Amino acid sequence: MTVRVIAHGFDPGGQTNLFLKEHNSAGAVVTFTGLVRSSPSDPITSLMLECYPDLAINQVETILAQGLTRFELLAATIIHRYGTMVPGDPIVQVMTMSPHREAAFEGAQFLMDYLKTDAPFWKKETGPTGTKWVDAKSADDRAKARWK
Amino acid sequence: MTVRVIAHGFDPGGQTNLFLKEHNSAGAVVTFTGLVRSSPSDPITSLMLECYPDLAINQVETILAQGLTRFELLAATIIHRYGTMVPGDPIVQVMTMSPHREAAFEGAQFLMDYLKTDAPFWKKETGPTGTKWVDAKSADDRAKARWK
Amino acid sequence: MNILYFAWLRERLDRSQQQVEPPEHVKTVADLIDWLAQNDEAIALAFENRKLIRAAVNAQIVDHDAPIADAHTIAFFPPMTGG
Amino acid sequence: MNILYFAWLRERLDRSQQQVEPPEHVKTVADLIDWLAQNDEAIALAFENRKLIRAAVNAQIVDHDAPIADAHTIAFFPPMTGG
């Protein structure tokens, strides 16, 4: 299991290929990649992601350990970037590996749901109308609650 | 939307990176990669995947169109290999892209569940004790049934 | 019309395809299986458990009661194990 | 002890950290917030809605009733929006 909290960009496909080499008996690998989003209804020009690195490492390692215990995962990796990014840049990547595809899918969803609410990152968006901190979403709390 | 039924290998991470370029406003991208599996309890040395290509194209395009209609997907791609492979080789890759992570995850699971039962490929495994055709799994029928 | 066989059906019949000209009364996929089985013991044996046989007409999956009037290619195969 | 502020708390207080030496009777995170607010109007305003304030002691997330006896670093921040 690997946790990386980084201040620079990363190569999503390159990370998937590195992860695939970890076990060749896995069968099922799921990669989730979260990108900076800009939409016509909510356009942004940049995203600043603030981080508390010491706490981020502790929280992300705890989340990953929970995921590995709870699902039948042979391996899992979480990469989370912080700093200033533009639309299309990868922010986060979660990778899971299992003999069974359900476990790989569910493990990756679990890890993402927990990262959204429990990892100490804060998003600040800049768009044509100015700059604002992103509010925490109640939908993210609900997504996490289903794993209780 | 892209469907590729191919007789040669492919680069999982390279395919993810190509797919990521399709929309930079997506937010959430899920990649499922299925690999040839060999385990201590069921070791294999090679896997031959037989295909009926004309039907495969029709079936995979139908499955993909259903997934795009049913989930909020901006794009989706299915790559399915056939021929002779060894453990660790990628067999299948499904990629989905959505503004929302739930839709990207569910869309990818839906596509995989349908591919398992509705795509005309047949697996023949060679291991230390000989060669045998893999039986269709009732678990795969159940996985598909939950989307009804 | 051309008949295609896949996977263990192909192996048990020792052929991947064959050309046939079924008579007028052979109207559905099920009729075709009956007619083939009457004329070929290997087919009769391999197709014994009809529930294990899937069919496609002109590269579209069909049930056994589907008509074959416009068929140029009919494929028979076991349950699929892709993905 | 060192106090860290993040996101809009950091911006509203115009500081990312500060050193404090709270008196003996300040035993929990909640006590510390009360004590800081008494001595600093900016903190009193920014921390007004306590439900929006999360805390960590020595890089471990804690509730507001957690003790701070062994704390060398205490962080305050709004609900997290990562992922």
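Residue numbers begin at 1 in each chain, while the letters A, B, ... track the order of the sequences. Note that the coordinates shown come from a computational prediction; the quantities given were computed from them, not determined experimentally.
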### Summary
Honestly, the part of B:D54 sitting under 4.5 Å from a heavy atom of chain C is both
### Message
Need one label for C:R10: side chain, backbone, both or neither, based on atoms under 4.5 Å from any heavy atom in chain B.
### Response
side chain
### Query
Which heavy atom in B:T131 sits nearest to a heavy atom in B:T126, and how many Å separate them?
OG1-OG1, 3.0 Å
### Task
Write out all pairs satisfying ring-ring contact (aromatic ring centres under 6.0 Å, His included) with one or both partners inside residues 21-48 of chain C, taking only residues at least two apart or from two chains.
C:F47-C:F76
#### Entry: Largest heavy-atom contact set with chain C, pairs under 4.5 Å, which of B:I57, B:D118, B:I91
B:D118
## Note on the structure
If one checks every heavy atom of B:Q93 against chain C at 4.5 Å, the contacting part turns out to be neither
### Minimal non-hydrogen separation, C:G83 against B:V92, with atom names
C-CG1, 3.6 Å
### Message
Quick check on B:D113 against chain C: is it the side chain, the backbone, both or neither that has a heavy atom closer than 4.5 Å?
### Response
neither
### Task
Hey, could you give me each pair passing salt bridge (Lys or Arg N to Asp or Glu O under 4.0 Å) that has a residue in residues 33-45 of chain C? Not counting sequence neighbours.
C:R15-C:D40, C:D34-C:R50
#### Entry: Geometric class of the C:F6/C:F77 ring pair [parallel <30°, tilted 30-60°, perpendicular >60°]
perpendicular
### Message
Given heavy-atom pairs under 4.5 angstrom as the criterion, report whether the side chain, backbone, both or neither of C:I61 touches chain B.
### Response
both
## Note on the structure
Among B:R81, B:M48, B:Q59, the residue with the most heavy-atom pairs under 4.5 Å to chain C is B:Q59
### Query
With only heavy atoms counted, which part of C:A7 is less than 4.5 Å from chain B, the side chain, the backbone, both or neither?
both
#### Entry: Backbone N/O of B:W147 and side chain of B:R70: donor-acceptor pair under 3.5 Å
yes
### C:R12 and C:Y5, any side-chain heavy atoms less than 4.5 Å apart
no
### Message
At a heavy-atom distance under 4.5 Å, which candidate from C:A59, C:A75, C:A56 has the highest pair count against chain B?
### Response
C:A59
### Task
Would you check if there is a donor-acceptor pair between the side chains of B:W133 and C:E11 at a distance under 3.5 Å?
yes
#### Entry: Proximity breakdown for B:K123 and chain C, heavy-atom pairs closer than 4.5 Å
both
### Query
Under a 4.5 Å heavy-atom cut-off, does chain B meet the side chain of C:Q60, its backbone, both or neither?
both
